[in-house]
Amino acid sequence: MAQHDSHGGAPHIGLPIYFAVFIALMVLTAVTVWVAFQDFGAMNNVIALGIATVKGALVVLFFMHVWHSSPLTKIVLVTAIFFFLILVVFVYADVGTRDLLEIPGRPAHFGESTGP
Amino acid sequence: MSDVAHSPKPNRLAHWYRSYAEQTESVTLGMWLFLVTEVMFFGGLFMAYMLYRGQNADAWAAASHHLDIGLGAFNTAVLIGSSLTVVLAVWAAEKGKQKQLALWLALTIVLGCTFLGVKAIEYEHKYHEHLFPGPEFMFEDTREGVHDFVDPDRARMFFHVYFGMTGLHALHMIIGIGIFLVLLVNTLRGKYTQQWHDPIPIAGLYWHFVDLVWIYLFPLLYLIGRH
C-alpha cells in the first residue's frame, strides 16, 4: 500500500495546480450563472449539471487527491457513485412503471403526487 | 522504525502499522468509506429532488424564482475559496510550516462562518416571505409573463426540499467549522509535525465533500428553470 513518498501524507500536488483548479472553479461558477439567464431550451439543465459535474470532478481529483490516490481509494469512490446510481435507476424503474398494469380496485394515477 | 525510537516528539505511529505512510493510507481509506455513507445520506435527498422536480416542473421553476441567485453565487465562491484555503493548509502541514498552517485553518473557519451568515440571511428572508413550509406558508408566482396557475402545495414541496437539503448541508458546515477549530487549537499547541499531521488532510476531505455537495445544490436549487 505504501507506494507514496517516505514520510507519508498525500503526494505533493504543486501549488500552481491548486491555484489553477481554484481559478477554473471560479470561472465555471460565473459561466453557470450566466448560462442560467440565457435560453437554450432543454439544454439549460444539461449545461448546468454538466458544469457542476466538471467542477465536482476537479474538486474530487485534485483537491481531494484522488488523481494520485491508491487504486483502493478509487474503487471506493466508484462504488459510491455506483450505489447512488442503483438508487436512481430503481426508483425510476418503480415510479415509471406504476401505471403500466391496471390493477382492479386501484385508482388511476396511483403513483403520482398530490395536486389536481 | 529507527526514526520513531529517536524522535523527541510523541510517537504517533500506531504499533500495528509498519510506517507512517501505511498509517496515512489506512486512515485516508477510512475517511473515504465514511464519505461513501455521506453520499448515500445526501443521495436520498438528491433522489427526492429529481423525482419531485420531474413531477412538478413548472411549480418548482416558479418556486425556485424566489431564491436569490446573487447570494447563492456569492456563497458558492466563498465555499470554493474555503476549499482552496484547505488545500493550502494541507500543503503547509506537509512542508512543516506551522504558522502558515494556522493561518489557512483560521481563514477556512472565517469563510465557513461567512457562508453560514449569508445562509442565515437567506433563511430569514424566506421566513418573512412566508416561504418556510410551515403553517404560515403562502405562495405567489412572481415570474414575469403569462404562466399557468401554480398549485401552492406543489411549490411548497420545493421549499421542503430546499430547507431539507440546504439545512443538512448547513449542519455539515457547522460540524466542519467545529472540527477546524479543534485543528487550529491543536496546531497552535504544536501537536502536528511534518512527520505526522493526518487530521489535517482527513478533515480536508470532509470539507471538500461538503463543498462538493454545494456545487450541485447551487445549480439544482437556484439556477435550473430561471431563464
Side-chain angles (χ1 to χ4, degrees), chain A residues 1-10 12-15 18-19 21-22 25-26 28-30 32-33 35-41 44-45 47-49 51-53 55-56 59-60 62-66 69-70 72-73 76-77 79-81 83-84 87-88 91-92 95 112-116, chain B residues 18-26 28-29 32-33 35-36 39-40 43-44 46-47 50-52 55-56 59 69 72-73 76-77 80-81 83-84 86-88 90-91 93-94 151 153-154 157 194-198 201 204-205 208-209 211-212 215-216 218-220 222-227:
Chain A
M1 287 172 78
Q3 52 192 289
H4 300 320
D5 44 318
S6 57
H7 61 272
H12 300 280
I13 298 180
L15 287 185
Y18 287 147
F19 282 106
V21 169
F22 169 72
L25 289 172
M26 286 300 204
L28 285 171
T29 302
T32 197
V33 170
V35 166
F37 290 102
Q38 314 302 314
D39 190 356
F40 295 117
N44 269 77
N45 297 356
I47 294 169
L49 285 179
I51 290 176
T53 301
K55 286 166 71 183
V59 170
V60 169
F62 297 106
F63 282 1
M64 297 171 90
H65 298 128
V66 167
S69 71
S70 69
L72 202 52
T73 307
V76 168
L77 174 66
T79 308
I81 298 168
F83 272 81
F84 178 66
L87 173 71
V88 174
V91 167
Y92 278 121
V95 176
E112 292 189 6
S113 65
T114 56
Chain B
R18 283 167 297 187
S19 66
Y20 277 97
E22 190 180 80
Q23 179 171 265
T24 300
E25 185 85 28
S26 188
T28 304
L29 181 64
W32 273 100
L33 288 175
L35 292 183
V36 171
V39 167
M40 295 314 288
F46 276 104
M47 184 66 243
M50 287 191 284
L51 190 62
Y52 292 133
Q55 290 177 350
N56 310 290
I69 286 190
T76 306
I80 290 171
S83 264
L84 178 68
V86 167
V87 291
L88 292 175
V90 173
W91 174 84
E94 284 170 2
D151 178 3
D153 279 346
R154 289 174 181 263
M157 186 70 101
Q194 192 168 5
Q195 186 182 42
W196 182 83
H197 50 264
D198 283 341
L205 284 178
H208 293 311
F209 174 80
D211 183 20
L212 181 64
I215 282 175
Y216 275 96
F218 175 58
L220 290 179
Y222 289 75
L223 298 181
I224 287 182
R226 284 305 277 257
H227 57 85

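Order of the sequence lines sets the chain letters (A, B, ...), proteins ahead of strands, with each chain counted from 1.
The distance from the CG atom of B:L223 to the CG atom of A:L49 is 10.0 Å, given to the nearest 0.5 Å. Between the CD1 atom in B:I69 and the CZ atom in A:F37 there is a gap of 3.5 Å [rounded to 0.5 Å]. How far CD1 of A:I47 is from CD1 of B:I224: 11.5 Å, rounded to the nearest 0.5 Å. Separation of atoms CG (B:L29) and OG1 (A:T73) is listed at 5.5 Å; rounding is to 0.5 Å. Taking CH2 of B:W32 as the reference point, atom CE of A:M64 lies at 4.0 Å (rounded to 0.5 Å).
Note: B:L84 leads B:L84, B:V36, B:V39 in heavy-atom pairs under 4.5 Å with chain A. Most heavy-atom pairs under 4.5 Å with chain B: of the set A:L87, A:T29, A:L28, A:L77, this distinction falls to A:L87. Between chain A and the options B:G81, B:A59, B:G44, B:A73, heavy-atom pairs under 4.5 Å are most frequent for B:G81.
The closest side-chain heavy-atom distance from B:T28 to A:H65 is not below 4.5 Å. Contact of the A:T53 side chain with the B:I215 side chain is not registered, since no non-hydrogen atoms from C-beta on lie closer than 4.5 Å. Contact annotation: the side chain of B:L88 approaches that of A:F19 to within less than 4.5 Å [non-hydrogen atoms, C-beta and beyond]. Proximity of B:M50 to A:V91: side-chain heavy atoms (C-beta onward) are nowhere separated by under 4.5 Å. Annotation: side chain of B:M47 is in contact with side chain of A:Y92 (closest heavy-atom distance under 4.5 Å).
Contacts of B:F218 with chain A are made by side-chain atoms alone, with heavy-atom separations under 4.5 Å and no backbone atom involved. Residue contact with chain A, scored on non-hydrogen atoms closer than 4.5 Å, involves the backbone and the side chain of B:S83 alike. If you measure heavy-atom distances from A:V59 to chain B, the contacts under 4.5 Å come from the side chain alone. Contacts of A:V21 with chain B are absent, with no heavy-atom separation under 4.5 Å from either backbone or side chain.
Taking both residues in full, the closest heavy atoms of B:E25 and A:S70 are given as OE2-OG, 2.7 Å, listed atom of the first, atom of the second, then distance. Annotation for A:F83 and B:M40: closest pair O-CE, 3.8 Å, computed over non-hydrogen atoms.
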Next item on the list: Verify side chain to side chain contact (heavy atoms under 4.5 Å, CB included) between B:I80 and A:K55, making sure each step is shown before the conclusion.
Entry: CA-CA 10 Å; B:I80 290 171; A:K55 286 166 71 183; 4.2 Å; yes
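A tilted orientation is assigned to the rings of A:F63 and B:H208, their planes being inclined by 30° to 60°.
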